[in-house]
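Values reported hereafter were calculated over all heavy atoms of this structure, with side chains retained and with hydrogens, waters and symmetry mates removed. By convention in this document, chain letters (A, B, ...) are assigned in the order of the sequence lines, proteins followed by strands, and residues within each chain are numbered from 1.
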Amino acid sequence: MKVFKGTIAALMLSCGFGVSVQAESLSGTLKIFSDMANPAPRAVMEGMAERFGALHPDLEIELTVIDREAYKTQIRNFLTANAPDVANWYAANRMKPYVDAGLFEDVSEVWADPIFADLASTKGAMTLDGKQWGVPYTYYQWGVYYRADIYKELGLTEPANFEEMKSNCAAIIESGRKCFTLGSKNYWTTGGWFDYLNMRTNGHDYHAKLTAGEIAWTDEGVRQTFANWRELIDMGAFIDNHTAYSWQESLPFIVSGDAAAILKGNFAVAPLRDAGLDDSKLDFYQFPAINPDVELAEDAPTDTFHIPSGAQNKEAAKAFLKFVVEADNQTLINNGANLGQLPVNAKSSVDDDKFLKEGFAMLSSNSPGGVAQFFDRDAPAQMAKAAMEGFQEFMVKPDNLDKILARLDRAAKRIYK
Amino acid sequence: MFPRPIEHSPRSWQLTYQAMLPAALILWLLPLLAVAVFSVKPDADFTTGNYWGVPSSFNFVENYGKVFFASDMPRYMLNSVLITVPTMIGCVVLSSMTGFALGVYKFRANLWVFFMFVAGNFVPFQILMVPVRDLTLDMGLYNTKTGLVLFHVAFQTGFCTLFMRNFIRALPFELIEAARVEGVAEWRIFWFVVLPLMKPALAAMAVLIFTFIWNDFFWAVVLTQGAESQPVTAGITSFNAQYRAAYHLMSAGSIVAALPPVAMFFLMQKHFIAGLTLGAVK
């Protein structure tokens with residue numbers, strides 16, 4: 001440990017003499033805790049550690065990979081007791097408890113680096129109290145994945161607004177199919193619907209205020225969102241008995257053509273392709289505008305790296321954070337052979353994949369309203385749970401809306417106080 | 001009390017029995033069969049909704065290959081062995097000694113000590129979850145195989161002692177008395193007289209404990225996390241990726257995880273049944 005402090009002191013000294021912190025000057029140990037435990041993400045993480053290590057031969061990198069679910073409970077322990085230098089986590093409200101508790105380091109200084117100009121799309125998600133608390137390394141788009149062959153057969157086109165979405169849907173129902181498959185046994189699937197309907201009805205800022213507890217659930221705007229939702233429910237847009245299926249179990253409906261589309265994140269593409277829907281059958285469109293007065297905004301859940309405030313080697317950790325967001329590194333780790341998601345750096349190139357390209361274009365240029373993280377990441381965990389249960393109930397019994405909203409309002413008063 | 005042999009019943013009943021038996025068997029084994037069939041299906045069969053049908057392609061080699069070579073399953077299996085075998089040995093060693101002491105020596109607190117061992121079996125183990133977790137954490141044994149082994153040994157020894165003590169009680173006491181008359185030391189009586197006679201009980205108990213511990217899920221989840229210490233029952237969930245669960249691999253993994261106890265059962269069937277009834281009729 002003494003040697004360690006010595007090196008830090010040496011580092012600071014070198015800074016003091018006006019020598020910029022060069023890559024070679026990093027030494028000591030860099031402890032990284034990661035939740036990228038599945039084979040492909042794990043290889044990505046190990047590859048990053050290796051490449052960063054090659055840049056800094058004097059730096060010893062200790063990488064600990066922890067199962068993603070276990071990580072969610074362990075992080076509370078290790079941030080206080082045995083902090084690594086770099087840790088994985090999620091953006092927006094999911095990092096708020098740790099920011100509020102002073103467990104994450106303010107990295108605004110890292111964000112001052114010119115390279116971060118290319119990360120504007122996710123800056124908002126990393127900002128709390130006007131400061132940045134981590135860096136993103138990957139995200140993915142949400143949107144409507146639909147059966148292009150069914151649309152073609154019925155002579156439909158991608159809807160540009162809610163009216164077209166509904167008229168398309170009416171035609172699909174007419175042909176004996178359902179418009180959307182849904183697996184609301186996983187409550188979060190309804191959270192996606194609420195996010196989009198609310199952001200399209202009231203705008204991203206309203207949505208952000210609602211999930212932050214600044215707008216009441218009984219507000220007229222929320223009611224308007226549910227009124228729009230109800231139009232879809234009443235016309236029979238969703239598959240029957242969706243509460244009985246998990247999201248994976250809801251996929252067979254779109255594969256068989258009993259449902260024409262699904263509102264989902266880009267992770268749905270891989271299983272759908274495996275099941276035989278090639279790019280001629282599966283296509284993507286951005287959720288259409290509902291209220292023409294609000295700007296389009298998207299859900300794009302972002303995964304991040306943070307520096308715990310108890311970190312020992314913060315210089316190396318900051319260098320690692322910069323390394324993570326570099327355009328080349330972003331291109332590499334997000335390509336199809338690795339994470340298969342979207343790079344956060346606008347200068348990165350995206351893999352030659354129809355859906356990734358569309359998503360990248362959509363998030364980089366057609367999401368002027370902002371980027372949300374997803375309902376269960378934007379709202380506090382307790383509120384997200386109560387609300388998503390309410391959404392599911394609403395989808396089955398739309399007449400209970402008043403009761404549901406009153407319940408959510410009570411929950412909000414308890415949770416946000 | 002014992003079921004009458006089927007040959008003694010009327011022909012009509014025999015026929016009904018013969019017709020019902022396969023039906024009951026299929027109903028009983030359906031979930032297992034489904035898992036077995038699913039373990040050779042490709043991933044896409046889940047997404048296309050082919051849950052019960054014929055596999056769209058036969059992926060035995062791919063799926064089981066992945067389980068063995070591209071996942072942490074071998075590691076989890078090894079953990080299971082490293083947890084189960086020491087527990088088995090620990091329980092057998094401890095309980096044969098406690099059983100000997102409680103079965104052979106007549107001292108005042110004998111019955112009460114014995115009751116204490118037995119009473120442990122009546123405690124629903126779920127209520128121990130939080131204290132045991134805190135205890136292992138304080139002792140620095142949380143998330144280690146040692147911690148799990150120590151707990152299992154401590155908890156299973158109660159049951160094993162009951163088992164062993166009753167078995168030793170049933171042995172002819174004259175043998176021990178004869179040895180004492182010859183002036184044989186007590187530990188030599190244990191080692192050369194009682195232990196050889198206990199062999200069937202030891203075998204039966206080892207088989208029982210093996211299946212108990214191998215199939216334990218609860219404590220594996222409570223006391224361990226991660227591939228370095230978790231046994232296979234808990235490790236199967238590692239096939240759940242961030243976004244989706246690989247049900248075909250989970251099925252293949254379950255089959256692999258279930259093989260050792262099943263093999264144990266068939267190889268040691270005699271002892272297993274002896275173990276279930278031993279001590280039941282004293």
Side-chain angles (χ1 to χ4, degrees), chain A residues 33 35-44 64-74 77-78 81 88 90 138 140 181 183 186 188 239 245-259 262 264-277 282 301 303 339-341, chain B residues 38 41-53 55-57 59 62-63 65-73 75-76 79 133-134 136-138 140 142-143 220-230 234-251 253:
Chain A
F33 280 11
D35 64 350
M36 298 159 80
N38 295 119
R42 188 185 190 115
V44 165
T64 308
V65 179
I66 299 163
D67 168 63
R68 207 167 179 104
E69 289 308 310
Y71 191 91
K72 289 176 184 166
T73 50
Q74 287 182 26
N77 270 336
F78 68 65
N88 273 133
Y90 311 97
T138 186
Y140 57 88
T181 184
N186 296 129
W188 56 264
I239 58 166
Y245 308 112
S246 70
W247 84 268
Q248 277 178 285
E249 287 161 350
S250 73
L251 295 180
F253 293 94
I254 185 168
V255 174
S256 65
D258 290 325
I262 185 168
K264 193 61 61 184
N266 200 52
F267 53 84
V269 170
L272 289 176
R273 275 190 180 144
D274 285 349
L277 296 183
L282 190 67
D303 293 351
L339 294 175
Q341 299 195 143
Chain B
F38 219 91
K41 284 183 179 179
D43 192 13
D45 273 14
F46 191 83
T47 315
T48 49
N50 179 12
Y51 303 139
W52 297 101
S56 62
S57 66
N59 279 30
E62 285 92 331
N63 292 353
K66 267 190 194 152
V67 165
F68 279 109
F69 302 112
S71 80
D72 281 333
M73 275 300 275
R75 187 80 186 275
Y76 287 119
N79 286 345
R133 190 249 182 207
D134 285 350
T136 46
L137 205 59
D138 290 343
Y142 184 69
N143 198 21
V221 172
V222 171
L223 296 182
T224 54
Q225 40 189 227
E228 68 279 358
S229 54
Q230 268 188 331
I236 291 207
T237 51
S238 67
F239 290 115
N240 286 342
Q242 182 186 356
Y243 301 115
R244 54 185 171 127
Y247 290 104
H248 59 305
L249 295 183
M250 242 190 283
S251 307

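The two residues A:E249 and B:F46 make their nearest non-hydrogen contact at CG-CZ, 3.7 Å. Contact between A:A275 and B:A44 at its shortest, heavy atoms only, is CA-CB, 3.8 Å.
The CG atom of A:L277 sits 9.5 Å away from the OG1 atom of B:T47 when rounded to the nearest 0.5 Å.
When heavy atoms are compared at a cutoff of 4.5 Å, A:A268 does not approach chain B at all.
In terms of the salt bridge (Lys or Arg N to Asp or Glu O under 4.0 Å) criterion, B:D45 has no residue partners (sequence neighbours excluded). Partners of B:D134 according to the side-chain contact (heavy atoms from CB on, under 4.5 Å) rule, which considers only residues two or more places apart in sequence or in another chain, are B:V130.
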